[in-house]
Amino acid sequence: MSDSTLIGLHHQEEHHPELLHHFAEAQQQRDAASLGMWIFLGTEVMFFGGLFCAYLIYRRAYFGDFGAASKSINATLGATNTAVLICSSLTVVLAVWAAQTARRSLLLISLVITMLLGLVFLGIKADEYKDKFEEHHVPGASFSFDHVPIPGHPDQYANPRHAEIFFALYFIMTGLHALHMIIGLGLFAWLLFMAWKGHFTPEYHTPIEIGGLYWHFVDIVWIYLFPLLYLIDRHP
Amino acid sequence: MFDNFPLWPARASTASGNVDALFIFLLIVSGLMTLLIFTALVYFAARYRYRRGVSAEQIEGSIPLELTWTTIPFLVFLVIFAWGAVVYFKSRTPPRDSTEVYVVAKQWMWKLEHAEGQREINELHVPVGQDVKLIMTSQDVIHSFYVPAFRMKQDVLPGRYTMAWFHATKAGTYHLFCAEYCGTQHSGMIGAIVVMEPAQYEAWMSGGSTGPLSATGEKIFAELGCATCHRTDTQGRGPNLQGVFGKPVLLEDGRTVTADENYIRESILDPGAKIVSGFKPVMPTFQGLVSEEQLNALVAYVKSLSQPVATPTSTAAATQQDNPKAAGSQVQ
Amino acid sequence: MSDHSKSSPLKMYFSVWAALLLGTFITYKAAYIELGRFNAAVALIIATVKALLVALFFMHIKGAHEKLLKLVVISTVFFLFILLFLSMADYGTRSWS
Amino acid sequence: MSMATATIQTVERENYLNKEYGVGSWLFTTDHKRIALLYLISITFFFFIGGFFALLIRLELLTPAGDLVQADTYNKLFTMHGMVMVFFFLIPSIPAVLGNFLVPMMIGAKDLAFPRINLLSWYLYIIGGVMMMHCVLTGGVDTGWTFYTPFSTAFTNTKIVEAGLSIFVAGFSSILTGLNFVVTIHRMRAPGMTWSRLPLFIWAHYATSIIQILGTPVIAITIVLVAVERTLHLGIFDPKLGGDPLLFQHLFWFYSHPAVYIMILPSMGVVTEIIACFARKRIFGYSFVAFSSIAIAVFGFLVWAHHMFVAGISLYSALIFSLLSYAVAVPSAVKVFNWTATLYKGSIHYDAPMLYAFGFIGLFTMGGLTGLFLAALGIDVHVTDTYFVIAHFHYIMVGGALMGYLGGLHFWWPKISGRLYPESWARLAALIVFLGFNLTFFPQFVLGYLGMPRRYFHYPQEFQVLNVLSTAGATVLGVGYLLPMIYFLWSMRYGKPAPDNPWNAAGLEWMTSSPPTTFNFETEPVVTWEAYNYDELDKPRREEVKVVG
Ligand code: HEA
Ligand code: HEA
Ligand code: CUA
Ligand SMILES: [Cu+2]
């Protein structure tokens, strides 16, 4: 930051078109943007943190019921979705690299694949929701979870009220995660548009980096959601 | 106590003195602190007010001073904390053989039931010089049982029991307030605690009882068919409930819990939550089938099964066997 | 935060990706093995390793030329733990269930 | 201190106020100073709304009977009073008005790091505020500002979801403001503006921002849970459906305790600036004051369950939380002592900002010390949910935070508006506020210890005398608050033009014109001096007043 100020004035002339007036130089703007995103992700962590707190407390209190409820969701789909997200994270990181090294077509392809994978994720998710809906596992008036044995205790049935709490948390957590995915898709559509227009150069590709951070974060949330929601007490 | 302009609340329980003592201590400490700071402020403000030609003397700071005013307050704080904790522990730990009163709060009234069977609404009669334990639950939202003269307050939650206790020291009539906001008539959810001399109290007690609460409980126990499984021998499908209360119970999953009021309550409403070791989870839930009052009666009955009112010696023996922690951890 | 190092990081990206997939697979399989209370521990440890991999390599925390970003991450996790730990401290020590 | 007579300016210099005109130039501005003014207007509006509710509360409590309003109306009054005052007045007050205005200027930046996000924050605040007002006008909410479950999720039939969402939206405004500050402070400091040269106002805002960023999302998700539970009848907090109502309280206070430090820390920052200026001194123990802000922010996250000592938490966690509550009081004590020590051998002036600062120290100390009473387990059992608590937090929030805010407004008013306010009126107002405040809230300590529960709309006869005193005080207080409002407005038109540095104060914000230009400084400042260099400022005073720009 320091030496930039010495050349403070004529810096203005060589402004990159994307450099906002109140920044002295491009590096400062980049640093500000990435720090801003990281802090925003901190906010997001705490946002999901409240849910994780609720989850932990009830899982501890109603372990068996949570196990039974968890068993009713399709772990294979969950695992597939985890893999899908991981692949999308790879393509995101490729996109960033492509932008850094001015590989325009790789950039475009990576962005497109990322979005496709995001859509696949949401599709699988929707399918899961559909199953839950048909099985009357959606909390609310038509919820039913009668006579489902607790894993490891075949003669004991899960308490439907407690299973309902599991499903409530399941839908809220995965629902909020899916909402983040949808927002992410919107973000990436915009990035794709900008990339297609040729806005990004090795000097200026902060939006790609920032968008990538967001996408990776959403991936990390899922990395925790998967075992916590799908894999409680699975073993026979 | 109905003077127009009191400055100190009535003091009518053993806890009052404890709380007041700590309060006075804090008044003194913080009074001194306030005095110190105010004096310094005023003195500096006057002594170093702006004068033409005299400029301020710059002082960077001083590590020794900083350390002093970090550590000394901290030590004072520790004293306050420890004292407060002691008072709190006392107020949360009911003595073992207190008389018991079951409290059910609902929007917007207090329903009280003595273990001996007297029922009251918004009014509680208790004798001077006796430990009274309150076993409280709510039918709807959170309320709070507050008797300023006893310096006693405890939130009353739906879905579980909370406990409180007091030992009244002075006859009189004292305010009972609901201190947790609970809706429209929150400020109308008030009542009176009538502390009576033992003799009067006996007289009061002799009227209007429908028999002890545990007897009511026994009746309900029979009516609901609990007795078909819980028999007094070892042949029942459920465990023998004699002497269960207050003891540690070994569960099927290896954990051990103490059979306190909340445990009994849960066993009736959500039997699947904690399975007693060696038994099958066949007990049906009674959620929705028993009212809070019936539940209290059942709990009182199950408790009575563990109180051999026989000889004084056997009581002492039972007390000794008790898990020493049990009494303390009952108050949740 | 981009270090414009000439050497291609592609190999690293692909190996992280493979490790993540492997982690997912192990988590999935391990869930079906009876490990008692360690099932949850295994799942969470793997999840944490995966999260770290993503954060360090994909999100470039590792190569960041500044300590500040690490500080942001660490303090966030710290406060998250305060939330989880201190509230569990209440539930763990009362006999409500 | 004498306000140096302004050199009469014949031609008004271009500044951020007169650069552009028209509604659009304000509503779409990205200038942090203009956004600060937008906030100032909207926040003042909400303060008077909240104050209006407070007056009605006090009027109702004049007599023991519930005679002025219905019980339900009363319950809505204190709920809306609390919600409006906390979420729409005090939390945004100093950060969004003074912070927005001053943070970039104090560190020598042209603007906040994300000017557009800054504008977005204001819009979010306004959207939340409109929702809140809509909610108020169409019936309001009656749960208390704490909206405890299961009352809020299953029993009341008022507009919980709408009120909750309005707080949710306003919460995001708060998060974005905090985020903007942190990034700005890290990335936008002028050359030479090292961390140890930052004004303590900046340190305080940095600490505040940490809480805003990490605490606010938790209340956001809690509100989501309440809204979902209420609309879909889930059982996350409702014991009837297997949930635990205390979980709500944990999540709520995880934010709302740290939030009280969002309210007080900026005010502490303001007071620090004022004291240094009017005592003409470096702050005693600069680094201790700076780090105590951070310590308060961090420890503030560890104590939330001290609001739940009788709620039914475990004994052991009550102990932990009580102990930690004392830990958080230590850095506050450090601050009080350092401020006091700063006065020592100073050269003290009694302008209105300084009067407010004195008021702040005194009342904050009293409020803080009564916080120690509440943190003592044994005493809290008796006084929790009584007027003792009400008095405690009004001492800190009104006597402390609000006093600081007013002091700050006076202090920087010349810079903000380019005009001087009438000094003797200002001193009078400060005095009225101080007296009215104590008359209002001191009796409430006594009421609380006597056992008068809060949120009571009628009460036993014997509490009346003290309540009458309190109501009388509130009217005095109301006058005290109307005065500044009137003379600030007056001064915008009739006030004397302000010189660039009327207080001869240290700090970059005083080295530019009053009011500043759009980009704050004509040339980018380079800092070569330590913070609070009052010795240097006072020495060459007669020779030349250095003006940049
Ligand atoms: C800006 C707001 C603010 C601030 C800064 C504080 C600061 C503190 N608060 Fe307060 N508090 C509230 C706002 C605030 N509070 C509100 C709004 C509520 C009620 C919410 C509701 O229920 O609606 C509340 C309630 C509340 C409770 C719960 C009461 C109850 O409901 O039962 C407690 C309990 O511990 C508490 C404690 C403290 C403590 C220990 C501090 C400390 O940080 C104070 C530290 C400061 C000092 C201690 C003073 C200076 C120190 C010295 C001069 C040192 C010398 C002293 C000695 C050596 C003794 N507060
Ligand atoms: C920042 C926070 C803040 C501020 C500034 C205030 C300011 C005031 N508060 Fe408030 N208060 C709270 C936060 C705050 N309060 C909270 C959080 C609660 C708890 C709520 C709950 O229990 O849920 C509470 C509760 C509360 C109660 C307890 C109610 C109860 O429990 O039953 C009382 C009672 O006296 C009270 C009084 C006052 C008074 C007299 C002021 C005075 O300082 C106000 C002075 C201001 C004015 C008087 C305005 C002047 C304006 C005019 C004169 C113009 C007239 C109006 C119009 C033209 C629209 N407050
Ligand atoms: Cu019951 Cu308040
Ligand atoms: Cu608090």
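Every chain is numbered from 1 and lettered A, B, ... according to where its sequence line falls, protein lines coming before strand lines. No hydrogens, no waters, no symmetry mates; every other heavy atom, side chains included, goes into these values. Everything quoted here is computed from the prediction, not taken from an experiment.
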What is the distance from atom CG of B:D270 to atom CZ of A:R161, rounded to the nearest 0.5 Å? 6.5 Å
In Å and rounded to the nearest 0.5 Å, what is the CG to CG distance from B:L269 to A:N159? 11.0 Å
Flag side-chain contact, heavy atom, 4.5 Å: B:K280 against A:Q156: no
